[in-house]
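The chains referred to below are lettered A, B, ... by the order of the sequence lines, with proteins before strands, and numbering in each begins at 1.
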6 protein chains.
Amino acid sequence: MAVVVTNTPRLPEATVEQFGKLGVATVHEALGRKGLMASYMRPIYRPAHISGCAVTCEVAPGDNWMIHVAVEQCRPGDVLVVSPTSPWKGGYFGDLLAESLMARGVRGLIIDAGVRDIATLTEMGFPVWSRAVCAQGTVKETIASVNVPAVCAGALVNPGDLIVADDDGVVVVPRLQAAATLDQALTREANEAGKRERLARGELGLDIYQMRERLAAKGLTYVEYESWREQKG
Amino acid sequence: MAVVVTNTPRLPEATVEQFGKLGVATVHEALGRKGLMASYMRPIYRPAHISGCAVTCEVAPGDNWMIHVAVEQCRPGDVLVVSPTSPWKGGYFGDLLAESLMARGVRGLIIDAGVRDIATLTEMGFPVWSRAVCAQGTVKETIASVNVPAVCAGALVNPGDLIVADDDGVVVVPRLQAAATLDQALTREANEAGKRERLARGELGLDIYQMRERLAAKGLTYVEYESWREQKG
Amino acid sequence: MAVVVTNTPRLPEATVEQFGKLGVATVHEALGRKGLMASYMRPIYRPAHISGCAVTCEVAPGDNWMIHVAVEQCRPGDVLVVSPTSPWKGGYFGDLLAESLMARGVRGLIIDAGVRDIATLTEMGFPVWSRAVCAQGTVKETIASVNVPAVCAGALVNPGDLIVADDDGVVVVPRLQAAATLDQALTREANEAGKRERLARGELGLDIYQMRERLAAKGLTYVEYESWREQKG
Amino acid sequence: MAVVVTNTPRLPEATVEQFGKLGVATVHEALGRKGLMASYMRPIYRPAHISGCAVTCEVAPGDNWMIHVAVEQCRPGDVLVVSPTSPWKGGYFGDLLAESLMARGVRGLIIDAGVRDIATLTEMGFPVWSRAVCAQGTVKETIASVNVPAVCAGALVNPGDLIVADDDGVVVVPRLQAAATLDQALTREANEAGKRERLARGELGLDIYQMRERLAAKGLTYVEYESWREQKG
Amino acid sequence: MAVVVTNTPRLPEATVEQFGKLGVATVHEALGRKGLMASYMRPIYRPAHISGCAVTCEVAPGDNWMIHVAVEQCRPGDVLVVSPTSPWKGGYFGDLLAESLMARGVRGLIIDAGVRDIATLTEMGFPVWSRAVCAQGTVKETIASVNVPAVCAGALVNPGDLIVADDDGVVVVPRLQAAATLDQALTREANEAGKRERLARGELGLDIYQMRERLAAKGLTYVEYESWREQKG
Amino acid sequence: MAVVVTNTPRLPEATVEQFGKLGVATVHEALGRKGLMASYMRPIYRPAHISGCAVTCEVAPGDNWMIHVAVEQCRPGDVLVVSPTSPWKGGYFGDLLAESLMARGVRGLIIDAGVRDIATLTEMGFPVWSRAVCAQGTVKETIASVNVPAVCAGALVNPGDLIVADDDGVVVVPRLQAAATLDQALTREANEAGKRERLARGELGLDIYQMRERLAAKGLTYVEYESWREQKG
């Protein structure tokens with residue numbers, strides 16, 4: 001039943017580029033607090049920051065055969081997203097596969113499993129977000145599907161969805177919501193720039209965001225240390 | 001019942017500065033092997049090394065409202081210590097709050113939860129020790145207390161306690177024990193400097209610390225590899 | 001029953017040197033996919049890459065006394081391998097012991113537990129692969145054995161076995177299998193170099209490794225995105 | 001953007017009943033080794049064994065409001081599947097909600113988070129598979145969606161999919177593949193019954209499954225202990 | 001600096017008894033969602049339900065000497081709370097110590113570490129909530145304090161505080177807040193009883209708690225499955 | 001290089017039987033605090049208590065072929081010990097294999113991985129100590145060795161070593177140390193019986209073990225609660 005779906009849709013290059021300047025935290029908020037992968041997904045080197053369209057790739061546990069198949073489906077600007085069909089944290093991916101993906105213009109790898117050759121990958125500047133680093137390799141015995149909907153680190157990824165990854169983690173934006181999410185995110189960013197300056201000058205968030213009244217309404221009280229100590233008896 | 005305790009006591013600046021030259025391992029020994037936070041508390045960049053007086057801040061799980069309140073209670077030389085009232089590892093803290101803390105002279109953040117915007121925090125040189133990195137943000141709905149005794153990563157922290165944090169972890173020194181602990185720690189340091197030189201010249205710890213007799217008394221025996229192999233049959 | 005076995009055998013220096021140019025992943029494959037330590041063993045700084053002959057050292061949980069004993073058994077080109085007899089993740093090892101090991105020409109430390117003073121160890125350039133970083137120190141009360149067979153991070157290590165460690169992890173090669181493993185590994189490396197070039201030029205692994213036929217035989221099918229969507233209904 | 005999808009399709013009752021006699025391991029094999037939830041999903045009491053059609057329910061972290069909404073969408077024979085939109089392991093579900101679900105004929109709960117009141121749930125005989133047990137409750141502030149595709153413990157669940165859960169774990173069968181999977185699973189079961197009898201009589205799997213030749217072909221050799229010891233030297 | 005504090009205050013027996021009928025979840029809510037120990041604290045057998053006044057006991061890692069000291073400080077109706085000063089999950093407690101505690105009328109043990117002899121403890125009916133089960137024993141070398149404030153599984157415990165533990169976990173009620181918390185908790189319980197009956201009869205929480213309006217105000221919409229599918233395109 | 005070693009030595013039946021009456025904690029102490037498997041090894045049902053001679057069985061990750069081979073090497077009174085050559089927590093073992101092992105008089109299974117069909121295994125009364133429960137099955141593609149030295153859950157097991165497993169965990173006694181360990185363990189047991197009675201009568205361990213003097217010598221002091229509170233200021 002394994003299938004390779006070809007010519008999956010992508011987002012316009014301009015959209016992808018703009019997302020590449022936005023942080024994962026901002027995109028996640030803009031999307032309505034959805035689509036974040038589990039926080040165990042960490043970059044192999046820092047800083048690292050990419051955006052791109054997902055090519056999804058299932059692999060059998062301990063078997064990286066389908067990554068070779070997925071390479072051919074990748075185009076410039078893509079991000080490869082690999083999920084084992086059951087958890088195994090060995091090293092499915094190393095420098096040779098990275099060489100091949102770079103030759104095709106792929107921006108990075110997201111893998112809910114282990115990766116190896118990380119010293120070489122770091123030298124090559126090929127970014128990977130993974131669950132583990134592990135020298136153990138795989139076999140090539142079992143087929144699975146490429147470009148079907150996949151669950152990666154707890155998030156649902158459809159082929160062509162937008163992936164943004166940075167030092168904070170990885171977020172998935174459904175393809176059809178990308179444009180709207182981009183607008184939201186840009187607005188947020190603009191908004192924050194001004195606030196940041198005021199905070200740097202020493203203004204308090206309590207005042208900028210007008211929180212004092214609402215805190216008081218909720219019942220927050222202030223008490224001097226000495227009186228507080230006496231109260232505690 | 002949420003309360004913000006104000007004007008909590010601090011330690012003299014000179015004491016705090018001297019602790020800033022001591023490693024966490026040394027301070028922990030000097031304090032009698034107490035006060036160490038759990039080893040899952042890791043710095044977002046390395047090397048990093050700070051000392052300062054604790055401002056404690058409770059937060060509800062998934063809610064960072066009280067961090068905004070705590071900022072106002074911070075003074076130059078302080079370290080902000082944040083504990084969720086129940087575990088949730090999302091990102092309570094990012095670059096905007098860091099900007100605000102830096103504007104007030106705060107030396108760093110200790111948070112028993114997640115942090116985000118770590119690429120920016122690293123650029124800014126604002127050190128954070130946290131349990132996780134996570135892009136997911138929080139809401140601002142629930143109040144909690146500032147500058148009450150708090151449990152952070154398994155350690156009890158009272159406002160005004162001394163915090164020392166470096167690449168090895170985070171230790172809490174109760175305010176009233178700071179002076180005595182400092183004396184102990186300085187003595188340890190002086191002691192070690194001489195030993196280090198001797199070890200670098202090739203002298204053995206076995207001889208420097210006079211361990212041979214005590215080891216023999218405990219029954220440690222030496223045997224040549226070839227005889228040992230025969231014995232094992 | 002604690003014993004220190006002395007004058008354990010080592011491998012020829014030339015063999016050890018050659019392994020030092022090979023990655024852990026390659027060596028692990030060449031050995032027949034055995035001997036890898038658990039992937040929680042991580043280097044304290046990166047990149048790091050060593051090879052050497054194992055001196056094994058048991059320690060009681062929370063007690064580093066035997067490391068002092070083991071130092072004396074170390075020779076230039078050795079790697080010290082430390083295993084607690086029951087799990088405890090505190091910091092058994094710090095800069096003073098590293099000074100002593102460096103004075104004896106030891107190449108690095110592998111420890112299935114915690115390490116401390118990592119900022120100093122990094123400055124010194126003394127590499128350590130450990131399970132944890134922890135400022136908490138140990139006592140010196142209980143004896144154990146040096147240079148007896150030990151289990152470290154799930155792998156069996158005999159004194160004199162070859163250790164290779166890099167950014168991907170740590171592998172143990174039994175002493176008597178080192179020569180054969182080296183041959184295998186060198187062949188693998190030579191083999192890969194040519195492939196890497198072809199992949200960099202854009203050739204596909206599917207073609208280089210002649211996978212297409214075998215994939216088709218297993219039943220892998222290709223389908224256009226639009227037809228696939230219609231099928232799913 | 002939160003939506004409650006109503007009148008989602010279900011499978012015929014007869015199909016659901018038949019799955020209720022099959023173990024999760026059998027169903028998972030029959031489905032082609034897919035759809036298994038992470039093995040951290042454990043039943044609160046044992047033995048427990050259910051089958052039913054999924055009603056999916058997203059919840060915000062630390063907020064169980066939508067479970068109250070989902071109850072109304074449940075029908076006799078359903079299984080409620082709850083996923084937080086970001087991980088938080090508190091107790092979203094207790095005895096009052098169980099009372100309500102039992103009144104509607106729901107067979108059990110699958111929750112990728114914590115549950116509480118487990119002593120009472122056990123007495124009531126309402127089975128739950130969860131990631132954790134935790135006394136901490138939730139708030140009711142944030143809406144989310146019911147009966148949209150959800151990721152639960154690493155598996156994708158669509159409303160109306162078949163859920164089978166027993167002491168070994170939880171598996172999801174896509175609704176449209178349920179009939180074919182049932183056939184496969186029943187065949188497997190029949191097949192195993194005969195084998196079990198032969199194994200109980202002392203026949204070896206090596207002979208029943210005719211493995212000896214294939215093992216020899218792969219190079220497996222047998223050697224007496226005494227000769228093996230000599231070889232090892 | 002180790003000290004044993006004697007004749008610490010307790011709560012009235014009647015108060016303790018009444019808490020013994022309340023679940024941990026209820027008490028935790030009544031206390032304002034504080035004081036819950038980490039959810040890794042699990043009972044060695046189920047069901048189990050106790051309440052009592054805390055005697056706190058620090059132990060050095062891998063050393064249970066102070067538990068022997070703490071036994072003498074226990075009185076009928078107490079609960080012993082044991083915390084290692086640094087984490088080590090071995091078995092600090094077994095059947096002999098349980099015999100001794102039962103002889104003194106102690107109701108159970110809360111230990112942020114391992115326990116052993118659990119088959120015998122289960123037979124004896126002596127309940128324990130622990131972080132782990134581990135056969136490994138301890139030494140008796142290092143002193144620590146009894147009846148000083150302690151951090152146990154993330155919660156602060158003062159001697160004389162009220163402990164409630166059941167199948168859901170463990171909660172700590174500060175001694176001076178016990179009376180007020182009891183009132184709150186009893187009110188909650190009474191409140192729930194009526195609701196439970198209505199839910200069992202099939203009334204919906206949506207109606208009982210009058211949630212429909214508030215959900216609509218937040219923007220929750222209902223859509224038929226068939227129209228929803230069309231929308232998704 | 002895979003080999004099946006046949007006719008490995010066993011211990012006399014009488015020795016094995018006597019160990020069957022001893023707890024794992026006692027045996028572990030008697031052996032000098034060695035040989036304990038990691039505490040994540042838990043029985044699938046409780047109570048359970050076995051002793052027997054180890055047949056060791058390596059398996060490739062996700063592949064249970066060699067268990068079928070190992071069955072033939074088992075004799076009445078044996079315990080099968082299974083270790084994956086790299087970690088994978090799926091279900092390598094189920095009811096059919098248990099049927100086969102029971103037919104050969106095997107006492108139980110120790111597996112550093114997952115097991116399935118636990119409801120049936122419980123009914124059959126076939127005890128298993130495992131790292132996980134998981135419905136996911138395995139393939140039969142890769143050979144490995146039977147009855148060679150193996151690392152299981154952190155402990156080294158040689159074929160013919162004695163295994164004792166109970167509700168507290170699993171311990172391995174090297175074959176040649178079994179007789180001496182048994183003597184030690186029986187002495188311990190006899191010793192404890194008398195103490196238990198005295199403790200049950202209310203005598204304190206402090207007196208039975210004559211600890212008071214040694215505690216005082218270490219500097220332990222007793223202070224009344226009221227004076228202690230004043231001191232703390």
Side-chain angles (χ1 to χ4, degrees), chain A residues 1-9 44-45 62 64-74 89-91 94-105 114-124 131-149 159-160, chain C residues 23-30 33-43 46-49 164-171 188 191-193 195-209 211-212 214-229 231-232:
Chain A
M1 231 118 317
V3 67
V4 180
V5 182
T6 61
N7 290 315
T8 51
I44 57 167
Y45 61 80
N64 78 346
W65 206 9
M66 296 314 291
I67 301 183
H68 291 271
V69 175
V71 169
E72 191 179 28
Q73 302 308 314
C74 291
K89 293 196 215 162
D95 57 359
L96 291 188
L97 279 164
E99 201 72 76
S100 196
L101 287 178
M102 285 183 92
R104 298 185 81 77
V115 64
R116 57 186 191 168
D117 301 329
I118 62 167
T120 312
L121 295 174
T122 301
E123 266 174 46
M124 292 166 68
R131 180 176 202 160
V133 171
C134 181
Q136 168 138 12
T138 52
V139 296
K140 285 168 187 58
E141 296 288 345
T142 307
I143 60 172
S145 295
V146 170
N147 274 334
V148 301
Chain C
V24 168
T26 301
V27 174
H28 174 252
E29 296 288 346
R33 310 188 151 223
K34 298 205 162 181
L36 200 66
M37 291 192 185
S39 63
Y40 60 66
M41 295 296 283
R42 301 299 302 141
R46 285 174 44 198
H49 192 165
V164 186
D166 68 11
D167 294 8
D168 291 345
V170 186
V171 69
R188 271 187 87 89
N191 210 346
E192 286 201 350
K195 295 225 172 90
R196 188 161 175 175
E197 224 170 284
R198 291 170 68 184
L199 291 163
R201 280 199 307 263
E203 270 189 80
L204 287 169
L206 285 178
D207 298 314
I208 296 178
Y209 306 114
M211 289 169 168
R212 289 191 197 274
R214 220 177 124 228
L215 285 164
K218 291 255 183 185
L220 187 69
T221 57
Y222 287 76
V223 55
E224 284 275 327
Y225 180 71
E226 287 307 329
S227 0
W228 175 77
R229 275 202 70 204
Q231 263 170 251
K232 301 286 279 192

Region of [X] in contact with chain C, defined by heavy-atom distances below 4.5 Å:
X: A:V146; result: neither
X: A:A144; result: backbone
X: A:E123; result: neither
X: A:I143; result: side chain
X: A:R104; result: side chain
X: A:K140; result: both

TODO: With a 4.5 Å cut-off on heavy-atom pairs, point out which of A:V148, A:L101, A:L97 contacts chain C the most.
DONE: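 Heavy-atom pair counts peak at A:V148.
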
Please report the interatomic distance [atom1]([X]) to [atom2]([Y]), rounded to the nearest 0.5 Å.
X: A:H68; Y: C:L215; atom1: NE2; atom2: CG; value: 10.0 Å
X: C:Y222; Y: A:Q73; atom1: OH; atom2: CD; value: 6.0 Å
X: A:T6; Y: C:Y225; atom1: OG1; atom2: OH; value: 11.5 Å
X: C:S39; Y: A:R131; atom1: OG; atom2: CZ; value: 10.5 Å
X: A:Y45; Y: C:R46; atom1: OH; atom2: CZ; value: 10.5 Å
X: A:T8; Y: C:R229; atom1: OG1; atom2: CZ; value: 12.0 Å

Engaged part of [X] at the chain A interface, taking heavy atoms whose separation is under 4.5 Å:
X: C:R198; value: neither
X: C:Y209; value: side chain
X: C:E29; value: side chain

Task: C:D167 side chain to A:I118 backbone, donor-acceptor under 3.5 Å - done: no

- [ ] Might you work through the side chain to side chain contact (heavy atoms under 4.5 Å, CB included) test for C:L206 and A:V71, ending with a clear yes or no?
- [x] CA-CA 9 Å; C:L206 285 178; A:V71 169; over 6 Å; no

Do the side chains of [Y] and [X] get nearer than 4.5 Å, heavy atoms only?
X: C:L220; Y: A:M66; value: yes
X: C:K218; Y: A:T142; value: no
X: A:V4; Y: C:V223; value: no
X: A:E99; Y: C:R201; value: no
X: C:L36; Y: A:C134; value: yes
X: C:R196; Y: A:T120; value: yes

For each of [options], tally heavy-atom pairs with chain A at distances under 4.5 Å, and name the one with the top tally.
options: C:G169, C:A200, C:G202; answer: C:A200
options: C:R33, C:E197, C:H28; answer: C:R33
options: C:R212, C:E226, C:M37, C:H49; answer: C:R212

Task: Closest approach of C:E192 to A:L96 (non-hydrogen atoms, all atoms of both residues) - done: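 Between these two residues, the closest heavy atoms are CD-CD1, 3.9 Å.
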
Open item on the list: Please find the pair of heavy atoms, one from A:N7 and one from C:E224, that lie closest to each other, and give the distance.
Closed with: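 Shortest heavy-atom separation between A:N7 and C:E224 comes out as ND2-OE2, 2.7 Å.
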
